[in-house]
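One structure is given here, and the rest of the page talks about it.
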Amino acid sequence: MKRQIQNDIAAALARIAADSGSSATALPEITVERARDDQHGDYASNAALALARALRRKPREIAEAIIASLPSNPNLARVEVAGPGFINFFLTPAAHQALIPAILGVAENYGRSDLGAGRRTLVEFVSANPTGPLHIGHGRGAAYGATLSNLLAVAGHDVTREYYVNDAGRQMDILTLSIWLRYLELCGRGFVFPDGAYRGEYVRPVAAKLFAEVAHEFDLDPAACFAGLPAAADADANLDNMIGRARARLGAQRFERVWRLGLDDILGDIRDDLSQFGVHYDNWYSEHSLTQSGRVDACIARLEASGDLYRKDGALWFRSTAHGDEKDRVVVRENGQRTYFASDIAYHLGKFERGFERAIDVWGADHHGYIARVRAALAAQKLDPAAFEVLLVQFATLYRGSERVQMSTRSGEFVTLRELRNEVGNDAARFFYVTRRPEQHLDFDLELAKSHTSDNPVYYIQYAHARVCSLMRQLKEKGFVFDQPQALANLERLAEEQERTLLVSLGRYPEVIEDAARAREPHQVCFYLRDLAHAFHTCYNAHQILVADPSLRNARVALALGTRQVIANGLAVIGVSAPESM
RNA sequence: GCCCCGGUAGCUCAGGGGAUAGAGCGACGGCCUCCUAAGCCGUAGGUCCCAGGUUCGAAUCCUGGUCGGGGCACCA
């Protein structure tokens, strides 16, 4: 409908241009929007205001001329000039009512769009290091990434959801060391657990598992690992040293065994957690496999061949400043180890080699400094940097009422996603995470998310869905049967103001999906669903649906069923369940 | 110092060139002999952080401040 009106205006402008003999000059952008106020009809355009300057005529005059030249459109009841020169379009009641067969006809496909034109799109999100359980910050990335993926899919993109598993780096070695040390504690050895190793409680069960599997086979005095390390040196260097010694002490095979156990256990926990959260991936992409396959080396060779690398201070540097970064970056460290950035280049180049036309990464806001260098790497390989899109998600802070929930990273203890889900439930967690603009810092109030009252917007929306389901049960109990043909033949009976408002809201859904997908803003769907539920509740309170008059009753039931469908479709996008009763 | 994000009602936030700035919560007042009151209706509540600028028109764009969060590794 919106598009039809845009076309109508374009046609009118073309006709005016032809009549006046002037060639179609470059026109400013003309927008057609939903009118905010009922009095302004259904849609409004600023065309006349935007053209006033170029045509050197009064806006209202231009508006009149446009209206006079509009092609006839049976969906429009009237078109009028208002305010400083807006053109307001009023749809006929029939045009609104026609939404009902449209929705019921395509059901779960209502709202689908070809906006994305089947573009192969890779959405990478969460990608937390498999060195510990997911915390509430990851939860936001998970909810946002999953919802965005759904949204893009519904809007016609060919979406692949991917988790990049950082299972190759130093962090994994630290985890391995940490597990082994906790294991040694279980073996009864006493020592001071080093700074910088993972102190979280979650390491202990992994160590216990190791003990259960190997008994005392890995039980070696760790004193040699700690001996003679300079107390003044930074903890990182000492830790690297300890890792090296532990590896030597255990031998590559046993070290690898602990490494594998830790990875399997913790990554398994992460997969489990996300899956329970309704976050599903098409692909888990291992950094380790990327390294093993030689693709990182191949990538470095390619950058070397294109002259983008140079050697300085014993390290190999990528000249990212040549492609817009603020400083050059190391890809191979002085000690010969490749940096995380090296495999990250290979991974991101690979996304396009794998045939994706667009790569979308969801990152925490603290990674923003990383964008320029990845983009530089793509540019160096003559890939379109614009095809790589990074969406930053700001931090989340937990509150219990007005009380801030403290998270201590020092002790390694933090509120995990699993704890959050257990406390507030998956539906409320998904909704709360995604209801805020991603660039807004999120204050997550546990009390509000948990409340089973009208305070909670999740229940408010779900309740509208459950109410329609309840209505259908009532219908049956009262001995009625829904007669769809009769309903569709009597839609003109939906003449109440609240019914019109509800119909307008139903008609907005496809526009909301497209706008939200275009802007990568899932929160628009949340706000829309709140509005839709409100329109329904208002209607429900104002007018009895299961009335005696069959044609009116069937028409109203059809409206309720259409509403239920759209709520279910919208909730599916944000990953929240649509209950049949509450 | 440089870079990114934010500042809108008591609180949490939408709106991001266009018509009297919106919602939820909180406050106050109404509505269940009637399809779920997890609902509906109403009232009160605003220096859209500040100062300049662009524009017919600025909460919205630009510049400079200011306050808050984050980032500036041969860590990931």
Side-chain angles (χ1 to χ4, degrees), chain A residues 31 33 35-37 39-40 44 46 49-50 52-53 58-59 82-86 88 127-129 131 166 168-172 174 196 236 240 287 312-317 326-327 329-341 343-344 364-372 392-395 397 399 402 435-445 448 451-464 466-475 477-478 498 523-524 526-527 530-531 533-534 536-547 553 556-557 560 581-582:
Chain A
T31 60
E33 289 174 334
R36 283 196 208 150
D37 191 320
Q39 293 171 356
H40 301 142
N46 67 347
L49 290 163
R53 173 177 287 268
K58 290 176 184 162
F86 290 101
N88 291 336
S127 298
N129 283 337
T131 52
N166 294 122
R170 176 170 174 270
Q171 299 303 317
M172 277 305 296
I174 298 173
D236 270 350
D240 280 337
E287 182 190 3
K312 191 183 88 182
D313 304 331
L316 194 59
W317 295 70
E326 57 188 21
K327 55 180 288 191
R329 310 291 172 175
V330 170
V331 287
V332 180
R333 287 157 71 180
E334 198 176 357
N335 64 9
Q337 278 184 356
R338 286 158 305 199
T339 59
Y340 172 85
F341 180 49
S343 41
D344 217 38
D366 54 333
H367 285 63
H368 101 266
Y370 218 79
I371 299 171
L392 296 179
V393 178
Q394 295 292 322
F395 283 20
T397 314
Y399 283 82
S402 57
T435 200
R436 196 77 71 233
R437 265 163 70 219
E439 57 268 27
Q440 268 282 1
H441 184 99
L442 171 66
D443 289 330
F444 197 121
D445 185 347
L448 182 60
S451 71
H452 284 233
T453 66
S454 58
D455 306 1
N456 196 325
V458 192
Y459 297 113
Y460 183 85
I461 295 164
Q462 290 181 317
Y463 184 48
R467 259 189 163 170
V468 180
C469 295
S470 167
L471 215 45
M472 298 312 286
R473 291 190 291 268
Q474 281 291 319
L475 183 84
E477 273 175 36
K478 292 186 175 180
Q498 294 87 347
H523 73 276
Q524 289 189 27
C526 298
F527 283 90
R530 220 250 148 228
D531 282 350
H534 179 248
F536 175 73
H537 288 312
T538 297
C539 208
Y540 180 94
N541 271 276
H543 308 290
Q544 183 87 13
I545 291 171
L546 302 178
V547 293
R553 182 181 67 241
R556 285 184 173 166
V557 169
S581 66
M582 291 174 70

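So that the names make sense, note that chain A is the first sequence line, chain B the second, and so on, each numbered from 1. Every heavy atom of this structure was used, including side-chain atoms; hydrogens, water molecules and symmetry mates were not.
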Would you please say whether a donor-acceptor pair under 3.5 Å links the side chains of Glu287(A) and Ser343(A)? yes
What is the nucleic acid contact for His523(A), judged by heavy atoms within less than 4.0 Å: base, sugar-phosphate only, or nothing? sugar-phosphate
Could you let me know what rC48(B) is paired to, Watson-Crick or G-U wobble, both distances under 3.5 Å, or none if it's on its own? none
If the condition is side-chain contact (heavy atoms from CB on, under 4.5 Å), which residues does His441(A) pass it with, not counting sequence neighbours? Phe395(A), Thr397(A), Asp443(A)
Which nucleotide, in any strand shown, forms a Watson-Crick or G-U wobble pair with rC61(B), with both distances under 3.5 Å? rG53(B)
Ring of Tyr540(A), cation from Arg467(A) - is the NZ or CZ under 6.0 Å from the centre and inside 45° of the axis? yes
Polar side-chain contact Asn88(A)-rA19(B) base: donor and acceptor under 3.5 Å: yes
Tyr460(A) vs rC40(B): side-chain N/O to OP1/OP2 distance below 4.0 Å: yes
Using OP1 and OP2 only, check whether a side-chain N or O of Gln39(A) sits under 4.0 Å from rU20(B). no
Could you tell me whether Ala82(A) contacts a base, only the sugar-phosphate backbone, or nothing, with contacts defined as non-hydrogen atoms closer than 4.0 Å? base
Pairwise C1' distance for rG45(B) and rA27(B), with rounding to whole Å: 9 Å
Between Thr538(A) and His441(A), which is nearer to the 5' end of RNA chain B once each is assigned its nearest nucleotide? His441(A)
Write down the distance separating the C1' atoms in rC32(B) and rC40(B), rounded off to the nearest Å. 11 Å
At under 4.0 Å between heavy atoms, what does Ala44(A) touch on the DNA or RNA strands: base, sugar-phosphate, or nothing? base
I'd like the C1' distance from rC11(B) over to rG71(B), given in whole Å. 29 Å
What distance, rounded to whole Å, do you find between the two P atoms, one in rC13(B) and one in rA76(B)? 34 Å
Using a 90° cut-off around 0 for syn, call rC67(B) syn or anti. anti
Side chains of Cys526(A) and Arg530(A), heavy atoms from C-beta outward: is any pair under 4.5 Å? no
Nucleotide by nucleotide, nucleotides 71-76 of chain B touches protein heavy atoms under 4.0 Å in the pattern (B base, S sugar-phosphate only, - none) SSSBSB
Would you indicate what Phe86(A) reaches in the nucleic acid, counting non-hydrogen atoms under 4.0 angstrom: base, sugar-phosphate, or nothing? base
Is His40(A) near enough to rU20(B) that one of its side-chain N or O atoms lies under 4.0 angstrom from OP1 or OP2? no
Could you say whether Pro438(A) or Asp531(A) is positioned toward the 5' end of RNA chain B, judged by the nucleotide with the nearest heavy atom to each? Pro438(A)
With sugar-phosphate meaning primed atoms plus P, OP1 and OP2, does Ser581(A) contact a base, only sugar-phosphate, or nothing at under 4.0 Å between heavy atoms? base
Are any of Arg467(A)'s side-chain N or O atoms less than 4.0 Å away from OP1 or OP2 of rC35(B)? no
In the structure shown, which nucleotide is the Watson-Crick or G-U wobble counterpart of rC72(B), with both distances under 3.5 Å? rG1(B)
rG15(B) and rG22(B), which share atom name C1', separated by this distance in whole Å: 7 Å
Rounding to an integer number of angstrom, what distance separates rA59(B) and rU20(B) when you compare their P atoms? 12 Å
With a 4.5 Å limit on heavy-atom distance, are the side chains of Leu392(A) and Ile371(A) in contact? yes
Classify the nucleic acid contact of Gln544(A) as base, sugar-phosphate or nothing, counting any heavy atom under 4.0 Å across all strands shown. base
Under 4.0 angstrom, heavy atoms only, what part of the nucleic acid is Ala466(A) near: base, sugar-phosphate, or nothing? base
Just name whichever nucleotide pairs with rA23(B), Watson-Crick or G-U, keeping both distances under 3.5 Å, else none. rU12(B)
When both distances are under 3.5 Å in a Watson-Crick or G-U wobble arrangement, the nucleotide paired with rG17(B) is none
Taking pairing as Watson-Crick or G-U wobble with both contacts under 3.5 Å, can you name the mate of rC31(B), or confirm there isn't one? rG39(B)
Closest to the Arg436(A) side chain, choosing from rA59(B), rC41(B), rA14(B): rA14(B)
Check the angle between the aromatic planes of His534(A) and Tyr460(A) and answer parallel, tilted or perpendicular using the 30° and 60° thresholds. parallel
Nucleotide paired to rG6(B) in any strand shown, Watson-Crick or G-U, under 3.5 Å: rC67(B)
